[in-house]
Amino acid sequence: MGQARVTSSGEDPRVTELRTAVSRLRRELAGHPAEFPDRGIAEDELAALDAMAVTGVPEIPRLRRSLLLIAGAVGSVSALASALRGVRVAVDLFGEPPRR
């Protein structure tokens, strides 16, 4: 594989996209009035994704695990579907985890 591109700020554009998508979903989740049982799980995993993005290059298996947990937690809330899709697209930018 080639090297990751870097923006003028020195940040990998995939990381920038992930941080943007996570931020959007966090805002939309915070503004969503309905409570649902797994909301805390979604909030925790979004915080974990943000923390991974801040460090630079996140671990792909961990990204995918967090995405699955978030999707399971908020997947039935149609108002969050677009923002959730954005997070999925951002995670997909990192590619597939290595095969064992």
Side-chain angles (χ1 to χ4, degrees):
M1 286 213 158
Q3 293 182 347
R5 295 176 306 175
V6 176
T7 64
S8 61
S9 66
E11 186 172 74
D12 182 335
R14 299 173 303 171
V15 171
T16 303
E17 186 69 27
L18 179 62
R19 293 186 73 197
T20 300
V22 166
S23 177
R24 176 181 172 210
L25 182 53
R26 286 177 98 176
R27 280 191 317 271
E28 290 190 20
L29 181 59
H32 190 68
E35 285 298 321
F36 45 93
D38 294 332
R39 186 180 193 124
I41 293 169
E43 291 168 344
D44 290 347
E45 290 303 319
L46 285 166
L49 281 178
D50 189 50
M52 283 186 273
V54 167
T55 65
V57 182
E59 296 176 34
I60 295 169
R62 179 68 174 104
L63 283 176
R64 295 206 169 275
R65 179 182 176 279
S66 287
L67 176 61
L68 286 173
L69 289 169
I70 294 165
V74 303
S76 65
V77 182
S78 61
L80 301 174
S82 178
L84 176 59
R85 186 172 26 267
V87 173
R88 183 189 56 80
V89 167
V91 168
D92 285 347
L93 292 174
F94 288 89
E96 294 291 322
R99 299 283 180 204
R100 290 184 185 191

key: Common cluster, Val87/Phe36, ILVMFWY with side-chain heavy-atom separation under 4.5 Å   =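 They do share one cluster, since a chain of ILVMFWY contacts under 4.5 Å joins Val87 to Phe36.
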
query = Hey, any chance Leu69 and Leu67 share a hydrophobic cluster, counting ILVMFWY side chains that come within less than 4.5 Å of each other, even indirectly?
reply =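 Cluster IDs for Leu69 and Leu67 differ.
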
Compare every heavy atom of [Y] with every heavy atom of [X], then report the nearest pair and how far apart it is.
{"X": "Gly86", "Y": "Ala21", "result": "O-CB, 3.5 Å"}
{"X": "Glu43", "Y": "Leu29", "result": "CG-CD2, 3.6 Å"}
{"X": "His32", "Y": "Ala79", "result": "CE1-CB, 3.9 Å"}
{"X": "Ala71", "Y": "Leu84", "result": "CA-CD2, 4.0 Å"}

ask   = If we only count heavy atoms from C-beta on, is the Arg88 to Asp92 side-chain gap below 4.5 Å?
value =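 With C-beta onward as the side chain, the pair touches.
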
task = Might you work through the side-chain contact (heavy atoms from CB on, under 4.5 Å) test for Met52 and Leu18, ending with a clear yes or no?
result = CA-CA 10 Å; Met52 283 186 273; Leu18 179 62; 5.8 Å; no

Kindly compute the distance separating [atom1] ([X]) from [atom2] ([Y]), expressed to the nearest 0.5 Å.
{"X": "Arg39", "Y": "Asp44", "atom1": "CZ", "atom2": "CG", "result": "12.5 Å"}
{"X": "Arg64", "Y": "Ile60", "atom1": "CZ", "atom2": "CD1", "result": "7.5 Å"}
{"X": "Leu25", "Y": "Leu46", "atom1": "CG", "atom2": "CG", "result": "4.5 Å"}
{"X": "Arg26", "Y": "Ile70", "atom1": "CZ", "atom2": "CD1", "result": "9.5 Å"}

key: side-chain contact (heavy atoms from CB on, under 4.5 Å) evaluation trace for Leu49 with Leu63   = CA-CA 7 Å; Leu49 281 178; Leu63 283 176; 3.4 Å; yes

message = Checking Ser23 against Arg27 for the side chain to side chain donor-acceptor pair (under 3.5 Å) test, could you report, in this order, the C-alpha distance in whole Å, the side-chain angles of both residues, the deciding distance, and whether it holds?
response = CA-CA 6 Å; Ser23 177; Arg27 280 191 317 271; 2.9 Å; yes

message = Can a side-chain donor-acceptor contact be found between Arg62 and Ser66 if the only test is distance below 3.5 angstrom?
response =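 Indeed, the side chains of Ser66 and Arg62 share at least one donor-acceptor pair under 3.5 Å.
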
ask   = So, Thr20 and Arg24: side-chain donor and acceptor under 3.5 Å apart, yes or no?
value =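 Note: Thr20 and Arg24 side chains miss the donor-acceptor criterion.
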
